[in-house]
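Please read the structure below before turning to the comments.
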Amino acid sequence: MSKSAKSLSKLIWSSLVSSIAAVSIVGGAFAASPSPSTNAVPSDNSSLLPWMDTSLAPEARSELLLDAMKLDQKIQQLAGARGVIPELPQCGNPSRHIPGIPELEIPTFRITNGPVGLGGGDCSPQDKATALPVALGLAASFDPSLAYDFGNLMGGEARTLGLHELEAPGINLARLGENGRNFEYMGEDPYLAGVLASKEIQGIQENDIIAMSKHYVLNDQEQNRGTVNVNIAENVLHELYLLPFEMSVKDGNVGSIMCSYNRVAGTYSCENEYLLNTVLRDQWGFKGYVQSDFGSTHSTAPALNAGLDLEMQNARFFTNVDIKAALDNKSLTMETIDQALNRRYVQMFKYGIFDRPIVRGIIDAETNGSKSREIAEQTAVLLKNEGNLLPLNSSVHSIALIGKTTYVDAAVAGGGGSSRVSPLYTVSPLQGLQNTLTKLGSDATITKVTVANDNSNLDAAVAAAKDADVVILMAGVVTSEGRDRPSLSLPDNQDELISAVTAANKNTALVLKDGDPVLMPWVNEVPAILEAWNPGQEDGNVVANLLFGLVNPSGKLPVTYPVAKADTPTSTADRYPGVNQGVLDSTGKEIPQVYYSEGLEMGYRWYDAKGIKPLFAFGHGLSYTNFEISKLVVTPKTSDGTKPIKVSFFVKNAGDVAGAEVPQVYLGLPENANQPPKRLVGFEKIWLEPGEKKHVTITIDPSASNHPLSIWDADADAWKTLEGTYEVKVGNSSDKATLTDSITVRTPAGHNK
């Protein structure tokens, strides 16, 4: 970017108010694939086509290929297209690929959606895959190793089905509880999202599949997503919404980025030079390629010059005619075209995509289904358990299973839209309960009542509840891309259902199946609440195993649950869904403006800063056992702001059941930082047997990609560490970080990073 362009971009920001190797026939979901250098299959034409020489570095191969390509071939490779895949004619006429060029041995570049399994693939509807729990559930695990397994399973299945790019992970933040795609993302905290996304990326790319962080950036609502302009302060942008993307680049080494639909600072994300060049490439050192979300490209030369490399799903602006016209009028250069292709080809060579045949294998449904169940079991959050109603006793004689058809008649395999997975199989709630009861040797009877959406048969549900020893009540919400929820309440009269059934039988365990926080006007009436999210295809087994204690819940909330909508930071129209202020686009249509004027006070930071008590706090999650965190020690006591800080304490399982606790480390910055009271800077999932005690040390590294001690200095275009007292807080949720210590930072003159 030129100095004048950078100055202009700074002016814009400062004026704001505050996006084969051999194909494994059994799926290979958790087996590490060979590295590209060892799995490459030399081409028969390698002596004729020098870029097919696998002994060369990816960068050299890409340069040789580009030197051999004609202009028309290069233009054809800049965008996707619908059509038959020569390597897989059985796939019909799909539209999620870039046609290959056989004479150059450029393969068809095949793409599949994510991020909760392979959804919307390049061979739909033939492609079926493992439907995993939603990404918000993965975030609730607070477990980086589980995130790696999650990504590795998806990457292995993508490899098996002859795919090349997986559009995952999704790491937009849950600023808005109503967002229709929250289920695809990893909650409200940028550090949590960044840590888990980076591990998921590593798991995906271990299979020589290119991962993609999306949607860069600020695609935090579905309403008006294609037109809305986001107004945000530069420090808020960097410290919250860009941070997980930065971590995915620096820690995950992600191969690609998807730019989003919305505008930022008046410019569409997919032609926003500040985001795509200044931040992504110049500041972070990203070497991969940027792909547009489908239909989010709005120009030819401006988009390419700003850093967009690939238009999907077809060529609307990166057409032969438009590209040649831009070259003729000199608004675009061949150097820029070559650069766009080179960024993708280097990744394709790096991950062996030129060097393995495109073959569709068969996924091992049983093995991967078992893995998906194990993952989902670690995502559930026990929100409430008065009187230790849970786990249910296997000696129970009669069970009433009650709920709307969506939640009791079939597995809730995920939300709607492009990420929807066509599951290999599903396990219904009734089937899962029967499976678990059989394991336990129980002869309990189950009466299932499916309640109509208008509650017209509510009396039958109440009668069944009264006659049963225990009630398992299932409720929730299933959201979708393309639309936001109308409110934070449960739909289809479920609040009335919950109150009526609970009044009929005090031994009622409520299972929530959703991908967002929900309001709970009946919370004091229900003794036990298990947040199971949308658990994926193994729904029935997952929930039953948790309810009967075959698995101890260990999840923690990755989002705050408010008491009321008015308690949230997005309860005003200017913050959501946005307001019209007479700003028109080139066609004369009004551009909705949304203002992130809550600034850094988003998620638990908002509740902390405003002194608002949430219904359930970020990081909250109970267990069937009890844990104690004690004896916090922070070293050193003084620092120059560059050396690692050790946060040590003990965690003890004080109960009689094996389980896992997640101690969380928060940091309060000096008062002159003008920050919310605390930010998450560390966590670790600790598994303990009954009575077991472990000494845990979590390191806060000031040089880490999440900049734990720093704030963004917009004037300097850099992160800055301030002198002063930093308060270290440790606990098992954001509202119970009661162990405290501090460290004093004295920085060298002019220190920043």
Side-chain angles (χ1 to χ4, degrees), residues 115-119 128-141 146 150 153-154 183-184 365-383 390-392 399-416 419-439 446 448-451 471-480 490 492 494 509-516 518 528-551 553-555:
V116 294
L118 308 189
K128 293 183 181 296
T130 302
L132 290 158
V134 291
L136 193 66
L138 175 63
S141 75
L146 199 72
F150 190 99
L153 188 149
M154 290 194 296
F183 74 92
E184 297 185 40
E366 182 178 354
T367 297
N368 288 5
S370 176
K371 293 296 184 181
S372 74
R373 182 182 69 250
E374 293 171 3
I375 291 171
E377 287 170 347
Q378 291 191 49
T379 68
V381 182
L382 183 59
L383 296 177
L390 296 177
L392 298 174
I399 301 169
L401 175 61
I402 299 172
K404 305 290 181 175
T405 186
T406 299
Y407 313 104
V408 299
D409 287 345
V412 183
S419 68
R420 181 73 178 176
V421 180
S422 181
L424 293 162
Y425 67 87
T426 58
V427 180
S428 71
L430 179 59
Q431 181 184 350
L433 282 172
Q434 291 169 337
N435 292 342
T436 296
L437 290 172
T438 298
K439 291 178 190 175
I446 304 172
K448 181 166 74 75
V449 180
T450 302
V451 182
V471 176
I472 299 173
L473 180 58
M474 297 188 173
V477 67
V478 178
T479 57
S480 177
L490 292 173
D492 302 323
Q494 291 182 93
L510 173 63
V511 179
L512 290 173
K513 298 180 179 181
D514 51 43
D516 311 87
V518 296
I529 306 173
L530 179 70
E531 176 60 88
W533 315 107
N534 296 163
Q537 66 183 46
E538 278 275 337
D539 179 333
N541 288 332
V542 169
V543 172
N545 287 345
L546 288 159
L547 290 175
F548 280 91
L550 296 183
V551 177
S554 61

key: Heavy-atom side-chain proximity of Q537 to V421 below 4.5 angstrom   = no
key: Residues which pass salt bridge (charged side-chain N to carboxylate O under 4.0 Å, His left out) with K128, listed by chain and number, not counting sequence neighbours   = none
query = Checking side-chain contact (heavy atoms from CB on, under 4.5 Å) against L132, which of N534, L153, L118, L138 comes through?
reply = L153
query = Backbone N or O of G414 within a donor-acceptor pair of the R420 side chain at under 3.5 Å?
reply = yes
query = What pair of heavy atoms forms the shortest contact from P133 to S372, and how long is it?
reply = CD-O, 4.2 Å
Y407 (side chain) donor-acceptor with I402 (main chain) under 3.5 angstrom = no
S370 side chain vs E366 backbone, donor-acceptor pair below 3.5 Å = no
Any donor-acceptor pair under 3.5 Å from E184 side chain to P115 backbone = no
key: salt bridge (Lys or Arg N to Asp or Glu O under 4.0 Å) partners of residues 538-549, not counting sequence neighbours, each pair once   = R373-E538, K513-D539
inquiry  = So, applying side-chain contact (heavy atoms from CB on, under 4.5 Å) with L473, which one of L510, L401, V451, V449 is it?
reply    = L510
ask   = What are the two closest heavy atoms between A544 and T436, and how far apart are they?
value = CB-OG1, 3.2 Å
note = On a heavy-atom basis, the closest approach of P553 and L530 is CG-CD1, 4.2 Å
inquiry  = Could you report the tightest heavy-atom contact between A532 and A380, atom names first, then the distance?
reply    = CA-CB, 4.4 Å
query = Which pair of heavy atoms, one from L512 and one from E531, lies closest together, and at what distance?
reply = O-OE2, 3.2 Å
key: L424 side chain near T130 side chain, heavy-atom distance below 4.5 Å   = yes
Reported OG1-to-CE distance for the pair T450 and M474, which is rounded to 0.5 angstrom = 11.0 Å
task = Please identify each residue that fulfils side-chain hydrogen bond (donor to acceptor under 3.5 Å, both in side chains) with N435, with sequence neighbours left out.
result = N541
Straight-line distance of K439 NZ to L550 CG, nearest 0.5 Å = 6.0 Å
message = Side chains of L392 and I472, heavy atoms from C-beta outward: is any pair under 4.5 Å?
response = yes
remark   = Heavy-atom closest pair (P423 atom, A131 atom, distance to 0.1 Å) is CB-CB, 3.9 Å
request  = Go through L433 and F548 one step at a time and tell me if the side chain to side chain contact (heavy atoms under 4.5 Å, CB included) criterion holds.
outcome  = CA-CA 9 Å; L433 282 172; F548 280 91; 3.9 Å; yes
request  = Keeping the roles fixed (side chain from W533, backbone from T379), state whether a donor-acceptor pair exists under 3.5 Å.
outcome  = yes
inquiry  = Could you measure the distance from the OG1 atom of T479 to the CG atom of D514? Nearest 0.5 Å is fine.
reply    = 8.5 Å
inquiry  = For S141, run the side-chain contact (heavy atoms from CB on, under 4.5 Å) check against I375, L146, V381 and tell me which one passes.
reply    = L146
task = Have a look at V511 and tell me which of I529, L546, V543 forms a side-chain contact (heavy atoms from CB on, under 4.5 Å) with it.
result = V543
query = If only atom types and distance count, is the side chain of K404 paired as donor or acceptor with the main-chain N or O of D492 below 3.5 Å?
reply = yes
